[in-house]
Visitor: 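Quick one: this structure, given as structure tokens, is what I'll be asking you about.
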Amino acid sequence: METSCFTLLGLLVSLSFFLTLSAQMTGNFNCSGSTSTCQSLVGYSSKNATTLRNIQTLFAVKNLRSILGANNLPLNTSRDQRVNPNQVVRVPIHCSCSNGTGVSNRDIEYTIKKDDILSFVATEIFGGLVTYEKISEVNKIPDPNKIEIGQKFWIPLPCSCDKLNGEDVVHYAHVVKLGSSLGEIAAQFGTDNTTLAQLNGIIGDSQLLADKPLDVPLKACSSSVRKDSLDAPLLLSNNSYVFTANNCVKCTCDALKNWTLSCQSSSEIKPSNWQTCPPFSQCDGALLNASCRQPRDCVYAGYSNQTIFTTASPACPDSAGPDNYASTLSSSFNFVIVLIQCALLCLCLL
């Protein structure tokens with residue numbers, strides 16, 4: 001019975017370890033929600049000095065203002081603005097979900113240059129945001145050691161469109177620095193240890209992998225954008241902005257403004273696709289908040305090829321919450337592990 005007990009305990013440890021590591025071992029971010037595409041963020045840093053222009057080109061970002069907005073930089077910031085070695089720049093990417101995982105779409109490509117090897121491309125060129133194994137897998141490269149100058153490969157950066165406990169978040173790929181802890185990362189991004197651990201399928205600091213991406217959920221400002229809008233879902237994290245509706249509307253996210261997306265007509269950029277920007281339409285009636293007795297604002301609700309949508313603001317805005325986002329994942333994952341542990345220990349005691 002003693003041998004059997006030790007055998008069961010060994011099985012318990014192995015099974016628990018496998019369950020908690022399963023997500024991490026895939027090297028992917030989970031993306032199993034109903035939304036199939038969205039905007040995600042990656043945190044990019046180069047070991048050498050570079051410029052915003054180079055980063056924009058590397059990640060195939062159509063407009064520099066997308067990078068400026070993600071980093072809350074002034075709109076007049078130059079493309080040739082210097083980015084210091086190891087300085088982190090948030091880069092917006094288009095994320096697509098398929099088979100339970102999320103990757104950037106195919107507009108991010110890299111052309112092989114002289115002396116390039118895939119591991120160098122992954123760790124040095126793209127700052128550890130992707131592994132060379134993943135590049136090889138999605139591009140169906142027979143032998144990663146046999147690549148040729150001029151070959152173009154899709155770079156599948158990790159991302160996700162999943163909600164967190166039913167709430168919208170912006171998933172951010174954060175490359176873990178050597179010596180980091182879950183607590184430090186959680187404090188930096190306004191979340192908590194449990195959420196980070198469960199979201200990434202790890203159980204503690206010992207399983208944090210330096211120079212590898214960690215899925216960090218950034219709280220998104222709530223918005224009234226309709227599901228049928230061309231910019232849905234419009235997800236912005238704190239201290240960021242974006243131009244939308246063919247550049248006719250500027251939306252900002254500020255935690256100090258009750259975590260509610262603030263959108264205004266803008267003339268800072270020339271409209272695209274429209275000759276002139278249509279004004280915000282007035283909402284029907286002079287609606288009042290029945291319980292709070294306050295006017296309900298007319299807010300941005302998205303756009304179509306022909307018009308800009310508006311709607312009345314929520315009747316009673318929630319009171320401003322804390323700056324940090326400490327929501328945790330459901331306990332079902334932990335419950336399964338605890339249940340298995342209890343069952344095996346009971347068998348051991350028999």
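Residues take their numbers from the sequence shown, with the count starting at 1.
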Visitor: With no hydrogens and no angle check, is any side-chain donor or acceptor of N63 less than 3.5 Å from a backbone partner on S66?
Guide: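 No; judged by distance alone, with no hydrogens or angles, the pair does not exist.
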Visitor: May I ask you to test the L236-T252 pair for a side-chain heavy-atom distance under 4.5 Å?
Guide: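 In short, these two side chains do not touch, never coming nearer than 4.5 Å.
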Visitor: Is there a path of hydrophobic side-chain contacts, each under 4.5 Å between heavy atoms of I/L/V/M/F/W/Y residues, joining V138 to I108?
Guide: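 No; tracing contacts between hydrophobic side chains, which count when under 4.5 Å, never links both residues.
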Visitor: Roughly how far, to the nearest 0.5 Å, is OG1 of T194 from CG of L199?
Guide: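 L199 CG to T194 OG1: 12.0 Å, rounded to 0.5 Å.
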Visitor: Taking CZ in F153 as the centre, count heavy atoms belonging to other residues, nucleotides or ligands within less than 6.0 Å. Is the count above 12?
Guide: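 Yes - once you tally the heavy atoms of other residues, nucleotides and ligands closer than 6.0 Å, there are more than 12.
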Visitor: Under the 3.5 angstrom rule, does the side chain of D162 hit a backbone N or O of S32 as a donor-acceptor pair?
Guide: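 Indeed, once roles are kept as given, a pair shorter than 3.5 Å links the two residues.
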Visitor: Calculate, to the nearest 0.5 Å, the distance between atoms OH and OG belonging to Y172 and S40 respectively.
Guide: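 Y172 atom OH to S40 atom OG measures 11.5 Å (nearest 0.5 Å).
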Visitor: Distance check, rounded to the nearest 0.5 Å: K163 atom NZ versus H171 atom NE2?
Guide: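 NE2 of H171 is found 10.0 Å from NZ of K163.
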Visitor: Is it possible for you to say whether Y44 and V130 belong to one hydrophobic cluster, with membership spreading through side-chain heavy-atom contacts below 4.5 Å?
Guide: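 Linked within one cluster.
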Visitor: Judged by modelled atom types alone, do D116 and Y110 share a side-chain donor-acceptor pair under 3.5 Å?
Guide: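 Checked: D116/Y110 side chains pair up, N/O donor to acceptor below 3.5 Å.
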Visitor: What are the two closest non-hydrogen atoms of Q264 and S262, and how far apart are they?
Guide: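 Looking at all heavy atoms of both residues, the closest pair is NE2-OG, 3.9 Å.
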Visitor: Out of curiosity, does L157 fall in the hydrophobic cluster containing V216 (side-chain heavy atoms, cut-off under 4.5 Å, transitive links)?
Guide: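 V216 does not cluster with L157.
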Visitor: Provide the closest heavy-atom pair for T77 versus P74 in the form atom of the first, atom of the second, distance.
Guide: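 Minimum heavy-atom contact is OG1-O, 2.7 Å.
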Visitor: Pair R53, S78 - check side-chain contact (heavy atoms from CB on, under 4.5 Å), show working.
Guide: CA-CA 8 Å; R53 182 193 300 273; S78 169; 6.0 Å; no
Visitor: My understanding is that only residues two or more places apart in sequence, or in another chain, count here; which of them pass ring-ring contact (aromatic ring centres under 6.0 Å, His included) with H174?
Guide: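 Partners of H174 by the ring-ring contact (aromatic ring centres under 6.0 Å, His included) criterion, ordered by chain and then number, come out as F189.
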Visitor: Could you grab the distance from atom NZ of K177 to atom CG of L208, nearest 0.5 Å is fine?
Guide: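 The CG atom of L208 is 13.5 Å from NZ of K177, to the nearest 0.5 Å.
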Visitor: Minimum heavy-atom separation for K134 and P156, please, with both atom names.
Guide: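 K134 and P156 have their closest heavy atoms at CG-CG, 3.6 Å.
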Visitor: Is the terminal nitrogen or CZ of K250 (NZ for Lys, CZ for Arg) located under 6.0 angstrom from the six-membered ring centre of Y241 and within 45° of that ring's axis?
Guide: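 So K250 does make the cation-pi contact.
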Visitor: Answer yes or no for C159 and C95: SG-SG distance under 2.5 Å.
Guide: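 In this structure, C159 and C95 share a disulfide.
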Visitor: What heavy-atom pair brings V170 and A220 nearest, and what distance separates the two atoms?
Guide: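 Between these two residues, the closest heavy atoms are CG2-CB, 4.1 Å.
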Visitor: Got L52 and L68 here, is their nearest side-chain heavy-atom distance under 4.5 Å?
Guide: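 Side chain of L52 against side chain of L68, heavy atoms only: contact under 4.5 Å found.
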Visitor: Is there side-chain contact between S45 and V89, with heavy atoms separated by less than 4.5 Å?
Guide: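 Counting from C-beta outward, S45 and V89 never come under 4.5 Å.
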Visitor: Ring centres of F59 and F126 under 6.0 Å apart?
Guide: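 Centroid separation for F59 and F126: below 6.0 Å.
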Visitor: Determine, using the 4.5 Å side-chain heavy-atom cutoff (strictly less than), whether V121 and I147 are members of one ILVMFWY cluster.
Guide: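 As far as the 4.5 Å side-chain criterion goes, I147 and V121 are connected within one cluster.
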Visitor: Quick check: does any side chain N or O of N247 sit under 3.5 Å from a backbone N or O of I269, one acting as donor and the other as acceptor?
Guide: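 Not at all, since once roles are kept as given, no pair shorter than 3.5 Å links the two residues.
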Visitor: Between the main-chain N or O of N145 and the side-chain N or O of D143, is there a donor-acceptor pair closer than 3.5 Å?
Guide: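 Side chain of D143 to backbone of N145, a donor-acceptor pair under 3.5 Å: yes, one is there.
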Visitor: Would you tell me whether C221 and C253 have their SG atoms within less than 2.5 Å of each other?
Guide: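 Yes, disulfide present: SG-SG under 2.5 Å.
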Visitor: Crowded around E133 CD? As in, over 12 foreign heavy atoms under 6.0 Å?
Guide: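 Result for CD/E133: enclosed.
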Visitor: Are I125 and I67 joined in one hydrophobic group, where the rule is that I, L, V, M, F, W and Y side chains link up if heavy atoms are under 4.5 Å apart?
Guide: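 Yes, one cluster joins them.
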Visitor: Treating Q87 as the side-chain partner and N84 as the backbone partner, does any N or O pair qualify as donor plus acceptor under 3.5 Å?
Guide: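 Here the side-chain-to-backbone pair exists.
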Visitor: Enter the distance from N193:CG to D205:CG here, rounded to the nearest 0.5 Å.
Guide: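 Going from CG on N193 over to CG on D205, the span is 7.5 Å.
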Visitor: When you measure from the SG of C97 to the SG of C161, is the result less than 2.5 Å?
Guide: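 No, C97 does not link to C161 through a disulfide.
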Visitor: Passes side-chain contact (heavy atoms from CB on, under 4.5 Å), F309 versus S304? Steps please.
Guide: CA-CA 8 Å; F309 307 133; S304 67; 3.6 Å; yes
Visitor: Which is it for T131 and K212 under the side-chain contact (heavy atoms from CB on, under 4.5 Å) test, yes or no, and what are the steps along the way?
Guide: CA-CA 8 Å; T131 65; K212 299 296 181 184; 3.9 Å; yes
Visitor: Strictly distance-based, threshold 3.5 Å: is any side-chain N or O of Q151 a donor or acceptor partner for the main-chain N or O of E148?
Guide: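 Present.
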Visitor: Check for a donor-acceptor pair, side chain of S229 on one end and backbone N or O of V225 on the other, with a separation under 3.5 Å.
Guide: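 Pair absent, no side-chain N/O of S229 close to backbone of V225.
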Visitor: Is there a side-chain contact between Y303 and N246 in this structure, where contact means two heavy atoms from C-beta onward sitting under 4.5 Å apart?
Guide: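 Yes, side chains in contact.
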Visitor: Would you name the heavy atoms of L129 and A173 that are closest together and state the gap between them?
Guide: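 Closest approach of L129 to A173, heavy atoms only: CD2-O, 3.9 Å.
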Visitor: With a 4.5 Å cut-off on side-chain heavy atoms, are S222 and L261 touching?
Guide: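 SC-SC contact between L261 and S222 ruled out.
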Visitor: What is the minimum heavy-atom distance between A255 and N238, and which atoms define it?
Guide: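 That closest heavy-atom pairing would be N-OD1, 2.8 Å.
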Visitor: What is the distance from atom CD1 of I202 to atom CG of L196, rounded to the nearest 0.5 Å?
Guide: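 Answer for the CD1-CG pair, I202 versus L196, is 7.5 Å.
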Visitor: Compare all side-chain heavy atoms of I93 with those of V61 and state whether any distance is below 4.5 angstrom.
Guide: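 Counting from C-beta outward, I93 and V61 never come under 4.5 Å.
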Visitor: Would you check if N30 and S160 make a side-chain contact, meaning some heavy-atom pair closer than 4.5 Å?
Guide: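 Result no, sub-4.5 Å side-chain heavy-atom pair not found.
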Visitor: L118 and S136: side-chain contact (heavy atoms from CB on, under 4.5 Å), yes or no, with the steps?
Guide: CA-CA 8 Å; L118 281 188; S136 180; 4.2 Å; yes
Visitor: Quick check against the 3.5 Å criterion: does W154 have a side-chain atom that pairs as donor or acceptor with the backbone of N105?
Guide: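 Looks like yes, one N/O pair under 3.5 Å.
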Visitor: Just wondering, do I55 and V83 contact through their side chains at under 4.5 Å, heavy atoms?
Guide: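 A side-chain contact under 4.5 Å exists here.
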Visitor: Between the side chain of T51 and the main-chain N/O of N54, is any donor-acceptor distance below 3.5 Å?
Guide: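 Side chain of T51 to backbone of N54: a pair is present.
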Visitor: Counting distance only, does the side-chain N/O of S104 pair as donor-acceptor with the main-chain N or O of I155 below 3.5 Å?
Guide: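 Present.
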